[in-house]
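Report on the following structure.
In each ligand, atom 1 is the first atom listed, and ligand 1 is the first ligand listed. Note that these values count all heavy atoms, side chains included, but never hydrogens, waters or copies made by symmetry.
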Amino acid sequence: MLERNDQTICAISTPHGVGGIAVIRVSGSHSLEICKNFSTALNKKKIESHRVYFSDFTDLKKNKVDEVLFTFFEKGKSYTGEETIEISCHGSRFVTQQILDLLVKSGARIADKGEFTYRAFMNGNLDLVQAESVLGLIESQNKAAAKVALRQLDGVVSKEFEKNISDLTWCLAHIEASIDFIEQGIEVVDNDVLIAKLTSIQNSLEKLIQSYNSGRLIKDGIRVALIGAPNVGKSSILNLLVKNDKAIVTPVAGTTRDVIESETVFDGLKFNIIDTAGLRDTQDQIEVIGIDRSKKEAEKADVICVVVDATTLLKNSPEAAVKGTPEITEIKETLKQVPDRKDVKKILLINKKDMASEAQQRELLKAASSVQVNAVLMTSTQLESSRAEILEEIKKTVGRFDYLEEAVISTSRQLEQAEYSFEMISKSLRELESNMGAEFVAMYLKESLVSLQKILGQVYDDQIMDRVFKEFCLGK
Ligand SMILES: Nc1nc2c(ncn2[C@@H]2O[C@H](COP(=O)(O)OP(=O)(O)OP(=O)(O)O)[C@@H](O)[C@H]2O)c(=O)[nH]1
Ligand SMILES: [Mg+2]
């Protein structure tokens with residue numbers, strides 16, 4: 001019996017279901033031998049790599065199953081690094097299942113989730129960051145996410161980590177040599193040189209760690225909760241942002257009872273917009289639950305758009321229309337009900353600006369400038385331009401996206417290891433600066449180094465492998 005990793009594996013690599021064409025991938029040292037059972041075209045003397053062979057696919061009794069294309073990749077020249085054959089057949093569930101059954105009868109086994117990529121990793125075709133980027137690319141739903149994944153696949157992020165690993169190894173080697181030579185009074189490396197080198201590694205790690213937030217937002221989308229009193233126009237704003245009548249809009253306060261989520265893409269980025277029930281004191285049981293959910297959504301959001309109604313602000317201050325001195329108590333009251341989390345950005349949207357004169361709008365903005373939020377915007381769901389203005393403001397407030405040209409890390413696994421590595425360097429720097437024992441410095445640096453090696457998969461760890469590959473789909 002062959003070891004699991006030496007067995008030839010097969011799986012459908014295209015989406016499951018009915019389609020014009022489906023691709024079945026076979027990978028492992030017996031791929032060609034197995035496929036030869038089903039095709040006369042493959043029984044030629046010399047099968048060339050990267051060539052396509054058109055042929056009938058016949059079962060073991062020579063009954064025709066389908067007409068297919070076999071693409072052959074020789075060992076060392078395929079995605080997995082193993083001998084691989086891709087069978088493009090007709091995308092019927094029946095046909096694909098029959099082909100898979102026949103492959104299995106001839107000695108292949110069905111691949112586990114992500115097993116093709118796992119093999120590519122084990123054969124050194126990809127490091128672990130690149131393997132994760134394959135998943136990122138498969139899952140990408142917008143331009144920015146695809147770009148981040150492609151840059152990781154190109155090795156941009158890996159190179160950054162590799163440089164840090166190499167510099168860290170240099171530091172560690174010199175520290176260990178100092179430990180060996182200390183008794184002879186030989187100084188192998190100057191402390192200042194080490195400190196400078198370690199600080200530079202830390203700077204690089206810090207940048208990567210900071211890029212995670214943007215990486216996460218790019219990958220998962222920016223979560224935006226619309227929060228405010230009833231009737232201010234939250235549902236109308238959701239509909240405007242997602243360009244669809246997703247939520248019910250009526251002049252009745254308390255229309256929205258539940259959380260409504262919808263997504264939109266703007267400037268290559270994904271935004272998940274969450275409309276919620278208007279916040280107010282109510283006896284209505286359903287509404288109470290809705291309001292509770294609104295607050296929970298606000299807690300999970302990256303950005304809270306606090307929505308207020310320009311007309312109410314002006315109305316509640318009778319002389320405002322004339323003198324232009326709107327009260328902002330309404331805004332403050334709403335803000336009080338919004339969960340106060342440090343890392344969540346707040347944007348105040350003063351909606352229904354179409355109902356206010358230009359002078360009134362200026363006054364409202366002036367009055368709102370004293371409110372503690374990250375940005376203030378006048379909006380109207382009657383104006384299409386408000387959509388771009390709101391989304392642009394969210395994008396600006398939430399973070400940097402010019403990272404796209406640089407190395408961006410996008411999985412929590414990479415982040416945790418990078419943070420740990422950073423922390424260990426901090427400890428070693430403290431030891432160095434206080435001229436403490438080189439043994440401690442070496443110990444921390446080793447920990448730091450192992451963390452970085454784990455990011456790229458240079459240190460084998462079952463748990464890490466499980467975590468990375470279990471998220472994959474079948475056939476990848
Ligand atoms: N003039 C004007 N009316 C608006 C604007 N936005 C919303 N409205 C109107 O305001 C009313 C309430 O809008 P909704 O979107 O249902 O308000 P909401 O905040 O979701 O209300 P609840 O679900 O009750 O919390 C509706 O009659 C909308 O047509 C706007 O920008 N200008
Ligand atoms: Mg609503």
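Interface atoms of ligand 1 facing G254, defined by a heavy-atom separation under 4.0 Å, are 24 (O). Less than 4.0 angstrom separates some heavy atom of G278 from each of these atoms of ligand 1: 25 (O). Ligand-side atoms of ligand 1 in range of S380: 31 (O), range being under 4.0 angstrom from any heavy atom. When each atom of ligand 1 is checked for a heavy atom of V252 under 4.0 Å away, the hits are 24 (O). For ligand 1, the atoms lying closer than 4.0 Å to a non-hydrogen atom of N351 are 5 (C), 6 (N), 31 (O). Annotation for ligand 1: atoms under 4.0 Å from non-hydrogen atoms of P251 are 27 (O).
Panel detail: the Mg ion (ligand 2) has protein N, O or S atoms under 2.8 Å away, 2 in number.
Ion pairing between a basic and an acidic side chain is recognised when a charged N comes within 4.0 Å of a carboxylate O; R280 and E287 show such pairing. One finds no salt bridge joining K159 and E162 here, because no Lys/Arg side-chain nitrogen approaches an Asp/Glu carboxylate oxygen to under 4.0 Å. With respect to D284 and R257, a salt bridge is recorded, a charged nitrogen being found less than 4.0 Å from a carboxylate O. Between D302 and R216, at least one side-chain N (NZ, or NE/NH1/NH2) sits under 4.0 Å from a carboxylate O, which counts as a salt bridge. Salt-bridge formation is detected for the pair E297/R223: a Lys NZ or Arg NE/NH1/NH2 atom is positioned less than 4.0 Å from an Asp or Glu carboxylate oxygen. Salt-bridge annotation for K234 and D309: absent, with no side-chain N of the basic residue lying under 4.0 Å from a carboxylate O of the acidic one. Here R119 pairs with E115 in a salt bridge; the nearest charged N to carboxylate O distance falls below 4.0 Å.
Using a 4.0 Å cut-off between heavy atoms, K353 makes no contact with ligand 1 at all. Counting heavy atoms under 4.0 Å from ligand 1, residue V249 touches it through both backbone and side chain.
When atom types are taken as modelled, the side chain of D167 and the backbone of I201 share no donor-acceptor pair closer than 3.5 angstrom. With hydrogens and angles disregarded, no donor-acceptor distance shorter than 3.5 Å links the side chain of S133 to the backbone of G136.
Closest to atom 16 (O) of ligand 1 by heavy atom, among T250, T276, L226, is T250. Of the options D354, L383, I350, the smallest heavy-atom separation from atom 2 (C) of ligand 1 is shown by D354.
Taking distance alone, with nitrogen or oxygen atoms compared against 3.5 Å, I248 stays at or beyond that limit from ligand 1. Polar contact with ligand 1: present for K234 (N/O pair, distance under 3.5 Å). Every N/O-N/O distance between M355 and ligand 1 stays at or above 3.5 Å. No N or O atom of A253 sits closer than 3.5 Å to an N or O atom of ligand 1. Considering backbone and side-chain atoms alike, A277 places every N or O at 3.5 Å or more from each N or O of ligand 1. Checking only distances, T381 does come within under 3.5 Å of ligand 1, N or O to N or O. The distance criterion of under 3.5 Å between nitrogen or oxygen atoms is not met by D275 with respect to ligand 1. Between T256 and ligand 1, at least one N/O pair is under 3.5 Å apart.
Atom 3 (N) of ligand 1 has K352 CD, 3.8 Å as its closest protein atom, hydrogens excluded (heavy atom only). In this structure, the protein non-hydrogen atom closest to atom 7 (C) of ligand 1 is S236 OG, 3.2 Å. Looking only at protein heavy atoms, the nearest one to atom 17 (O) of ligand 1 is G233 N, 3.1 Å. Of all protein heavy atoms, the one closest to atom 12 (C) of ligand 1 is N231 OD1, 3.0 Å.
Remark: Y118 engages F469 in a ring pair (Phe, Tyr, Trp, His ring centres under 6.0 Å) (not counting sequence neighbours). Not counting sequence neighbours, Y444 has no partner by the ring pair (Phe, Tyr, Trp, His ring centres under 6.0 Å) test. E139 pairs by the side chain to side chain contact (heavy atoms under 4.5 Å, CB included) definition with L135, not counting sequence neighbours.
L238 does not count as a contact of ligand 1, since none of its heavy atoms falls under 4.0 Å from the ligand.
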